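Computed from a predicted structure; not experimentally measured. These values consider heavy atoms only, across backbone and side chains, with no hydrogens, waters or symmetry-generated copies. In what follows, chains are A, B, ... by sequence order, proteins preceding strands, each numbered from 1.
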There are 2 protein chains.
Amino acid sequence: MSGVASIHLVENALLVSIQDDVTDTEIIDLQDALSNRIADENVDGVIVDISALEIVDTFVGRVIAQLAGISRLLAAETYVVGMRPAVAVTLVELGMYLPQTRTALSLSHALAQLRRG
Amino acid sequence: MSGVASIHLVENALLVSIQDDVTDTEIIDLQDALSNRIADENVDGVIVDISALEIVDTFVGRVIAQLAGISRLLAAETYVVGMRPAVAVTLVELGMYLPQTRTALSLSHALAQLRRG
């Protein structure tokens, strides 16, 4: 379940985990909660952990792109971490290159990049 | 033939050579193999050698763009090396500016850029 509870503050970033059974309703709640937390806590970054996703489709791709778009409009950089190789291949085959996101191998890599600014 | 055998580890990058007779099936195998190698070997870069290509079309342009897209999603930088002048002209005429790739004159130039980070 990917509701409000799954947003965690880590250093100066918000960590969000996407589960593979996330629904439309949960995503809308997540978007609302995340946008408010970005504004309230004045973070530099949003880290979207997708290591739970073994496969991906256009719905999930769009979810990631929208979270990144919202974060960018609120002046936070989005990092996607934990992407599996097959997920990267599928996203590109679907034409979803996620241009507004940065990617990092792991949470610690993303935090290191955020620290460097 | 552009199968799994043509991916080589050079310093901290994976070197992939694209042949001019590459087929759709080979590209799918290459994408799968490359994405797994990027994740397994934790490389910083992917170097796509296209010096074997004397001409280029939208298929090959798309192949390069997709390899670069997959690499970026897996946190590796893509360098295209060995591009002939006529190939550069054709790619631009086709509207394929390859925004997600960097270019370098040769393998050693690409490795030098990757070392600088």
Side-chain angles (χ1 to χ4, degrees), chain A residues 13 15 18 45-58 60-69 71-72 77-117, chain B residues 2-4 7 9 12-14 16 18 22-46 48 58-78 80 94-102 114 116-117:
Chain A
L15 175 63
I18 307 285
V46 171
I47 300 171
V48 181
D49 178 7
I50 61 167
S51 56
L53 301 182
E54 292 190 19
I55 52 168
V56 78
D57 54 16
T58 51
V60 173
R62 195 161 42 82
V63 162
I64 299 168
Q66 287 182 346
L67 290 177
S71 304
R72 199 186 66 87
E77 194 85 59
T78 301
Y79 287 82
V80 175
V81 302
M83 187 179 296
R84 291 167 195 246
V87 166
V89 172
T90 306
L91 283 173
V92 164
E93 283 173 349
L94 293 171
M96 309 185 98
Y97 287 78
L98 304 180
Q100 302 200 326
T101 67
R102 296 186 180 191
T103 45
L105 286 180
S106 66
L107 177 59
S108 58
H109 282 89
L111 290 171
Q113 287 187 49
L114 274 167
R115 265 181 238 120
R116 283 199 299 270
Chain B
S2 186
V4 176
I7 302 175
L9 184 67
N12 200 21
L14 292 172
V16 182
I18 307 287
V22 64
T23 67
D24 252 331
T25 319
E26 286 167 353
I27 283 299
I28 291 166
D29 291 345
L30 180 65
Q31 287 180 342
D32 287 345
L34 181 66
S35 60
N36 283 310
R37 290 282 297 269
I38 294 170
D40 290 348
E41 310 206 24
N42 192 10
V43 294
D44 293 330
V46 171
V48 181
T58 52
F59 170 69
V60 173
R62 193 161 45 83
V63 163
I64 298 168
Q66 286 183 343
L67 290 177
I70 291 167
S71 304
R72 198 189 68 87
L73 288 178
L74 295 171
E77 193 85 59
T78 301
V80 174
L94 292 170
M96 308 185 98
Y97 289 80
L98 303 180
Q100 301 199 329
T101 66
R102 296 184 181 190
L114 275 166
R116 283 199 298 271

Pairwise side-chain contact, [X] with [Y], heavy-atom cut-off 4.5 Å (strictly under):
X: A/Leu15; Y: A/Asp49; answer: yes
X: A/Glu93; Y: B/Gln31; answer: yes
X: A/Leu111; Y: A/Ile47; answer: yes
X: A/Val56; Y: A/Met83; answer: no

Review point. Is it the backbone or the side chain of B/Ile38 that comes under 4.5 Å from a heavy atom of chain A, or both, or neither?
Key: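 Neither; nothing under 4.5 Å.
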Exercise for review: Just give me the residue among A/Thr90, A/Val92, A/Val80 that pairs up with chain B most often, heavy atom to heavy atom, under 4.5 Å.
Suggested key: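 With the most close heavy-atom pairs to chain B, the winner is A/Val92.
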Practice item. Name the member of B/Leu67, B/Leu34, B/Leu73 that forms the most heavy-atom pairs with chain A at distances under 4.5 Å. Key: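 When all of B/Leu67, B/Leu34, B/Leu73 are compared, B/Leu73 has the most.
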Check your understanding: By a 4.5 Å heavy-atom criterion (distance strictly below it), what part of A/Thr101 contacts chain B: side chain, backbone, both, or neither?
Key ->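 Both backbone and side chain.
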